[in-house]
Amino acid sequence: MLTDTTRRGMSFLVLFVALVLGVSLTTEAAGLKYVQNLVWPSDVYAFQTAVDGPVDVVIFGSSRASFGISPTRLDLCLEDQLERETRTVSLARVYSTGLTWNKLARYVLVDDKVPDVLVIGVTPEAFNDHNHKNDMIYAHEGEIADVPAMLAASSSYEDVLGSLAPLARGPEALALILSGRFDNEARLRWLMLHERGGQFCSGDPACGDQNQAFEDLQDYRWAKWAVQREELLSVERFSDFEAGEGLHHAELMELLDWADENEVQVMLVNMPLHPAFFQQVPPETYMEYSDYLWSLSREHGLPTFDGNLTDWRDDKEHWLDPDHLGRTGAMRFSDELCAAVAPELRK
């Protein structure tokens, strides 16, 4: 038999769980999902609350898209091509996948913030249903309604914990708001409010100092790569690669449905990788990734742009590390991407 103390303890536990879940449901419904400790590399909440529409182009993708595509540089080129003002915004999220993009689109691309073109920067990890960061992706991108699907897709104890995180996200969001810690990434907030996201900007006199300061801050990246990543990359990220079958694929299909419903043209951009990174991707993995990418393009009528066909990809001066472009690389790549985006905005 249960003692009175045990019953009271169980009742308290049930009430506590119900309270936490209630707070999480309320904050999610109130638009506070992206008030998170994870802000980098885009201040999505600033976009939600302080950036007005309309928007012509939105950029999704991982940190590679945030580093490699400058919204203001892209706009300078698009405005020259189209002879009108355009507005591009980067909402790139670290280690993003179909789950990331579908939730972002449905949660923040609403009303006049629905773009004409949605550019998604991709590399093999983005399509891998066994992504090495699934625990973090589930925790930060999933919503309460996604918990059963994320649990079913989990392949580790860490994935399970990440899948359950949305149930308790509400108290975290409230604590961050009350403490004022949710907007402590001042540089990212400035970039979103004044330069519409990304890591490098153009056209504003302040951008020169910003871009140089950020490159100086990231100067450690090549050395870190040499010490920590080169020998581990193929095992850590690509030993269990599968595209087109699991949760991230299903979420991407939902995103494409959303795009059709909202008359948004999705463009897939194969983000450039320096040869030092590229050679660490197993050939069979890159073949499977390429097959999946081009099948998406054919079956869903998605225009594509391949950033690995550039003639400057092996120039180290364009890179902060083997998979993130630096200032000069971002400006050059944004100009080249412009030629592919402009025709989609003329339609």
Side-chain angles (χ1 to χ4, degrees), residues 41-44 46-61 65-92 101 104-106 108-122 188-208 210-211 255-256 258-272 297 300-307 309-310 325 327-347:
S42 297
D43 194 335
V44 176
F47 172 75
Q48 283 183 271
T49 57
V51 175
D52 296 326
V55 178
D56 294 281
V57 180
V58 167
I59 299 163
F60 283 175
S66 183
F67 281 59
I69 306 174
S70 166
T72 46
R73 182 71 173 207
L74 187 60
D75 278 334
L76 287 172
C77 178
L78 288 173
E79 289 168 4
D80 182 62
Q81 293 278 325
L82 302 174
E83 298 183 337
R84 67 173 177 85
E85 183 179 351
T86 62
R87 287 173 59 80
T88 297
V89 177
S90 176
L91 298 178
W101 311 327
L104 270 174
R106 295 174 182 274
V108 306
L109 299 186
V110 297
D111 301 326
D112 63 349
K113 292 181 179 178
V114 176
D116 294 319
V117 178
L118 177 59
V119 171
I120 306 180
V122 296
L188 295 181
R189 194 164 186 83
W190 179 85
L191 280 166
M192 181 58 69
L193 296 179
H194 298 281
E195 310 297 337
R196 300 187 294 282
Q199 301 302 311
F200 299 105
C201 58
S202 182
D204 182 337
C207 286
Q210 193 285 143
N211 294 347
L255 173 69
L256 296 181
W258 171 89
D260 286 341
E261 293 165 5
N262 289 275
E263 298 182 339
V264 175
Q265 178 62 68
V266 175
M267 172 181 285
L268 299 176
V269 176
N270 189 30
M271 294 298 296
S297 176
H300 299 275
L302 309 181
T304 60
F305 181 81
D306 192 347
L309 299 180
T310 61
L325 289 171
R327 171 184 46 180
T328 58
M331 299 308 162
R332 191 163 183 176
F333 185 65
S334 298
D335 288 343
E336 294 177 356
L337 179 60
C338 168
V341 175
E344 303 304 324
L345 289 174
R346 291 193 183 102
K347 294 179 179 178

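Predicted model, so just to flag it, every value in this text is computed and none were measured.
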Inset, instruction - State the CG-CD distance between L109 and Q48, to the nearest 0.5 angstrom. - result: 9.5 Å
Legend entry - Nearest non-hydrogen partners of A340 and P343, listed with the distance: O-CD, 3.4 Å
Inset, instruction - Taking D75 for its side chain and E85 for its backbone only, find out whether a donor-acceptor pair lies under 3.5 Å. - result: no
Inset, instruction - Please step through side chain to side chain contact (heavy atoms under 4.5 Å, CB included) for the pair L256 and L302, ending with a clear verdict. - result: CA-CA 10 Å; L256 296 181; L302 309 181; 4.1 Å; yes
Inset, instruction - Could you point out which residue of I120, V119, D306 forms a side chain to side chain contact (heavy atoms under 4.5 Å, CB included) with L268? - result: I120
Inset, instruction - Over all heavy atoms of both residues, which pair between L76 and S202 is shortest? Give the atoms and the distance, please. - result: CD1-OG, 3.5 Å
Inset, instruction - List for me each residue that meets ring-ring contact (aromatic ring centres under 6.0 Å, His included) alongside H194, sequence neighbours excluded, and say none if there are none. - result: W190
Legend entry - Interatomic spacing from CZ in F60 to CG in L104 - rounded to 0.5 Å: 4.5 Å
Legend entry - Beyond-backbone contact of V58 with L91, side-chain heavy atoms, under 4.5 angstrom: yes
Inset, instruction - For side chain to side chain contact (heavy atoms under 4.5 Å, CB included), just list the numbers for W101 and V122, CA-CA rounded to whole Å, side-chain angles, deciding distance to a tenth of an Å, and then say yes or no. - result: CA-CA 11 Å; W101 311 327; V122 296; 3.7 Å; yes
Inset, instruction - Taking R87 for its side chain and D52 for its backbone only, find out whether a donor-acceptor pair lies under 3.5 Å. - result: yes
Legend entry - For Q265, side chain to side chain donor-acceptor pair (under 3.5 Å) partners two or more places apart: none
Inset, instruction - List the steps and the verdict of side chain to side chain contact (heavy atoms under 4.5 Å, CB included) for V51 and M192. - result: CA-CA 8 Å; V51 175; M192 181 58 69; 4.0 Å; yes
Legend entry - Side-chain (S42) to main-chain (A92) donor-acceptor, under 3.5 angstrom: yes
Legend entry - Counterpart residues, side chain to side chain donor-acceptor pair (under 3.5 Å), relative to N262 (two or more places apart): none
Inset, instruction - Enter the distance from M331:CE to C201:SG here, rounded to the nearest 0.5 Å. - result: 6.5 Å
Inset, instruction - Report the residues that fulfil side chain to side chain donor-acceptor pair (under 3.5 Å) with D335, sequence neighbours left out, ordered by chain and then residue number. - result: R73
Legend entry - side chain to side chain donor-acceptor pair (under 3.5 Å) against D56, all qualifying residues, sequence neighbours excluded: R84
Inset, instruction - Write down the atom of Q199, the atom of P41, and the distance for their closest heavy-atom approach. - result: NE2-O, 3.0 Å
Inset, instruction - Answer yes or no: is there a side-chain heavy-atom contact under 4.5 Å between R196 and V55? - result: no
Legend entry - Considering all heavy atoms, the nearest L325-F333 contact: CD1-CB, 3.9 Å
Legend entry - Atom pair CD/CG of E344 and L118 - distance to nearest 0.5 Å: 12.0 Å
Inset, instruction - For A65 and G61, work out which heavy atoms get closest and say how close. - result: CB-CA, 3.9 Å
Legend entry - Rounded distance (nearest 0.5 Å) linking atom CD1 of I69 with atom SG of C338: 12.0 Å
Inset, instruction - Under the ring-ring contact (aromatic ring centres under 6.0 Å, His included) rule, collect the residues that match up with F200, sequence neighbours excluded. - result: F214
Inset, instruction - With the side chain counted from C-beta on, respond yes when V341 and M267 share a heavy-atom pair under 4.5 Å apart, and no when they do not. - result: yes
Legend entry - Verdict with supporting geometry, V264 and V114, side chain to side chain contact (heavy atoms under 4.5 Å, CB included): CA-CA 8 Å; V264 175; V114 176; 3.5 Å; yes
Legend entry - Main-chain N/O of T72 paired with E195 side-chain donor or acceptor, under 3.5 Å: no
Inset, instruction - Determine yes or no for a side-chain-to-main-chain donor-acceptor pair under 3.5 angstrom, with S297 supplying the side chain and P303 the backbone. - result: no
Inset, instruction - Mind listing the closest non-hydrogen atom pair of R106 and W258 along with its distance? - result: NH2-CB, 3.6 Å
Inset, instruction - Nearest 0.5 Å please: distance from the CD atom of E79 over to the CG atom of L345. - result: 11.0 Å
